[in-house]
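Take a look at the structure below.
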Amino acid sequence: MKLSFQQKFQRRLTLAAVASLTVAGFLTPVAAFANDVLTIAASPVPHAEILEFIKPQLAKEGVDLKVKVFTDYIQPAVQVNEKHLDGNFFLHQPYLNEFKKSHSNDIEVPVAKVHVEPFAAYSSKYKKVADIPNGATVAIPNDPSNSGRALLLLARQGLLTLKDPTNISATKKDIVANPKNLKFKELEAATLPRVLNQVDLALINTNYAIEAKLNPVKDSLFIEDANSPYANLLVAREDNKDSPAFKKLVAALHSPEVKKFIEEKYKGAVVPAF
């Protein structure tokens with residue numbers, strides 16, 4: 001039977017409609033199960049390790065967590081501030097406060113405290129504080145928040161006296177007594193483990209100490225206690241801090257499973273803050 005032009009046209013429309021419905025039928029389940037993607041900047045240890053631990057659970061909840069590892073303290077904050085990343089997990093509140101001072105358009109917002117990494121002092125030459133000699137060279141981080149943290153810890157050991165022993169933003173100008181005439185070398189935090197054998201004492205952030213196979217509990221000369229105000233934070237951008245995906249991420253980081261993971265893996269070198 002020969003079809004008229006109108007019949008042929010109608011038939012094509014019908015076939016196109018069926019094809020469209022078929023494609024939609026195949027695509028609908030994919031769309032229904034599409035994951036929310038969160039890309040979070042993190043220091044390698046312990047931050048990225050903790051995030052990797054919760055990735056499978058978040059995947060089950062529809063969140064595709066991507067962890068972007070940085071080895072410095074500058075770029076993770078900058079990348080979030082410029083909206084290249086959704087958030088970061090590496091800094092504490094004093095560091096964020098200092099960062100905001102130099103970035104007036106900063107859009108980072110802390111959404112959860114996760115853990116404390118007790119800051120510690122290490123020496124490859126001396127086993128006791130009393131053994132530290134006059135004129136000793138002490139390496140400390142060069143970023144303002146962590147250099148102040150180092151000076152506070154030294155003051156608690158009686159190695160120096162600060163104008164205000166509670167000022168977390170203390171600088172070398174705030175030292176009012178230095179009985180051992182300590183000489184300070186301010187270096188990028190990530191480099192401190194590498195210069196340990198070149199100085200008498202180095203105050204090292206725990207994440208970098210762990211990476212260098214130093215155990216803050218066993219290997220340090222002295223260490224902060226768990227009441228430190230330097231809890232490490234999960235940080236989001238202002239525009240996504242209340243998103244369902246971020247809420248799921250916070251819940252996962254505050255789970256009993258993560259608390260157990262931190263306690264068992266780091267054995268006191270990292271302490272849960274929730």
Side-chain angles (χ1 to χ4, degrees), residues 35-55 57-59 63-119 141-147 149 168 188-192 204-211 228-255 258 261-262 266 270-274:
N35 284 353
D36 290 322
V37 177
L38 275 182
T39 304
I40 306 296
S43 297
V45 181
H47 310 81
E49 292 178 343
I50 294 171
L51 292 175
E52 291 292 342
F53 175 74
I54 62 175
K55 277 180 76 169
Q57 179 58 40
L58 286 171
V63 178
D64 181 7
L65 178 63
K66 298 186 182 298
V67 182
K68 190 171 178 63
V69 177
F70 289 84
T71 57
D72 71 293
Y73 285 162
I74 305 298
Q75 283 305 309
V78 171
Q79 293 289 316
V80 174
N81 198 37
E82 295 178 352
K83 293 192 175 183
H84 298 312
L85 300 171
D86 297 304
N88 64 48
F89 177 34
F90 80 97
L91 51 72
H92 47 60
Q93 190 65 55
Y95 183 94
L96 183 58
N97 293 344
E98 290 295 332
F99 184 83
K100 284 179 178 291
K101 288 179 183 177
S102 57
H103 295 76
S104 57
N105 64 333
D106 186 72
I107 58 171
E108 295 174 290
V109 179
V111 293
K113 293 181 179 180
V114 181
H115 67 268
V116 174
E117 301 171 16
F119 196 56
N142 64 0
D143 60 279
S145 60
N146 283 309
S147 61
R149 187 179 186 181
I168 62 175
E188 186 178 344
T191 68
L192 291 170
I204 305 173
N205 296 77
T206 291
N207 58 312
Y208 292 130
I210 294 173
E211 285 178 48
S228 166
Y230 296 87
N232 280 218
L233 306 169
L234 174 67
V235 170
R237 301 193 313 258
E238 286 178 340
D239 62 345
N240 68 0
K241 64 183 177 66
D242 296 318
S243 69
F246 247 101
K247 288 180 179 179
K248 290 176 183 177
L249 176 56
V250 171
L253 284 171
H254 282 180
S255 67
V258 167
F261 173 80
I262 291 173
Y266 303 110
V270 179
V271 182
F274 56 92

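In this chain, numbering begins with 1 at the start of the sequence shown.
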For [X] and [Y], does a side-chain donor sit closer than 3.5 Å to a side-chain acceptor?
{"X": "Gln93", "Y": "Asn97", "answer": "yes"}
{"X": "His115", "Y": "Glu117", "answer": "yes"}
{"X": "Asn88", "Y": "Gln79", "answer": "no"}

(request) Taking Asp106 for its side chain and His103 for its backbone only, find out whether a donor-acceptor pair lies under 3.5 Å. (result) no
(message) Any side-chain to backbone donor/acceptor pair from Arg149 onto Asn205? Under 3.5 Å, distance only.
(response) no
(message) Evaluate Lys247 against Asp242 for salt bridge (Lys or Arg N to Asp or Glu O under 4.0 Å), listing each step before the verdict.
(response) CA-CA 7 Å; Lys247 288 180 179 179; Asp242 296 318; 5.4 Å; no
What residues form a ring pair (Phe, Tyr, Trp, His ring centres under 6.0 Å) with [X], not counting sequence neighbours?
{"X": "Phe70", "value": "none"}
{"X": "His92", "value": "Tyr230"}
{"X": "Phe246", "value": "none"}
{"X": "His84", "value": "none"}

(request) Step by step, work out the side chain to side chain contact (heavy atoms under 4.5 Å, CB included) result for Glu98 and Asp143. (result) CA-CA 9 Å; Glu98 290 295 332; Asp143 60 279; over 6 Å; no
(request) Assess the pair His47 and Phe89: is the distance between their ring centroids shorter than 6.0 Å? (result) yes
(message) Can you classify the ring geometry of His254 versus Phe274 as parallel (below 30°), tilted (30 to 60°) or perpendicular (above 60°)?
(response) parallel
(message) Going by side chain to side chain donor-acceptor pair (under 3.5 Å), name the residues that satisfy it together with Tyr95, two or more places apart in sequence or in a different chain.
(response) none
(request) Please say whether more than 12 non-hydrogen atoms of neighbouring residues, nucleotides or ligands are located less than 6.0 Å from NZ in Lys68. (result) no
(message) Within the structure provided, determine whether Val111 and Val250 are in side-chain contact (heavy-atom separation under 4.5 Å).
(response) yes
(message) Is there a side-chain contact between Asn207 and Phe90 in this structure, where contact means two heavy atoms from C-beta onward sitting under 4.5 Å apart?
(response) no
(message) Listing request: all salt bridge (charged side-chain N to carboxylate O under 4.0 Å, His left out) pairs with a residue in residues 69-84, at least two apart in sequence or in separate chains.
(response) Lys83-Asp239
